[in-house]
> 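One structure coming up, written as structure tokens, with questions to follow.
Side chains included, hydrogens not; waters and symmetry mates left out as well; all remaining heavy atoms used. This one's a predicted model, so the numbers in the text were calculated from it and none came from an experiment.
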Amino acid sequence: MEEKNLNNNLKRLSEITEWFDKQSEIDVEEGLKKVKEASGIIKASKERLKEIENEFEEIKKEIDDESR
């Protein structure tokens, strides 16, 4: 999975949530795997959001510098 793609990450998190919602009886081992996967996706997504924020700041700085 491409963990840098936020859209894919959100889709996968949604799939994991749906999996839990559909279970009448949770398989603890499988549930643990899903939680670990979701945790990794969330961490990667937070890092990517920070990168995007930094990119926007750089663009803003360039625009401000050009305006002077």
> Given side chains that start at C-beta, do those of F56 and K60 come closer than 4.5 Å, heavy atoms only?
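In short, these two side chains do not touch, never coming nearer than 4.5 Å.
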> Give a yes or no on whether a salt bridge exists between E15 and R12, defined as a side-chain N under 4.0 angstrom from a carboxylate O.
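Counted as a salt bridge, because a side-chain N and a carboxylate O are separated by less than 4.0 Å.
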> Are I52 and L6 side-chain neighbours, meaning at least one heavy-atom pair lies under 4.5 Å?
yes
> Is the shortest side-chain N to carboxylate O distance from E55 to R48 below 4.0 Å?
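Salt bridge: yes.
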> Test your reading of the model: is there a side-chain donor-acceptor pair from S14 to the backbone of L10, 3.5 Å cut-off?
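A pair under 3.5 Å: no.
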> Should D65 and K61 count as an ion pair when the cut-off is N to O under 4.0 Å?
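Here D65 does not pair with K61 in a salt bridge, since their nearest N and O are not under 4.0 Å apart.
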> What's the separation between atom NZ in K22 and atom OG1 in T17, rounded to the nearest 0.5 Å?
11.5 Å
> When you group the ILVMFWY residues by side-chain heavy-atom contacts below 4.5 Å and let the links chain together, are L32 and F20 in the same group?
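Looking at the clustering, L32 is in a separate group from F20.
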> How long is the span from the CH2 atom in W19 to the CD atom in E37, to the nearest 0.5 Å?
11.0 Å
> Test your reading of the model: is there a side-chain donor-acceptor pair from E30 to the backbone of I26, 3.5 Å cut-off?
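Side chain of E30 to backbone of I26, a donor-acceptor pair under 3.5 Å: no, none is there.
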> Look up atom CG in D64 and atom CD in E57, then write down how far apart they are to the nearest 0.5 Å.
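Interatomic distance, D64 CG to E57 CD, rounded to 0.5 Å: 9.5 Å.
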> What distance separates L13 CG from I41 CD1, expressed to the nearest 0.5 Å?
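Those atoms lie 5.0 Å apart.
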> Check N9 against S45 and note the closest heavy-atom contact, atom names and distance.
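It is ND2-OG, 2.8 Å.
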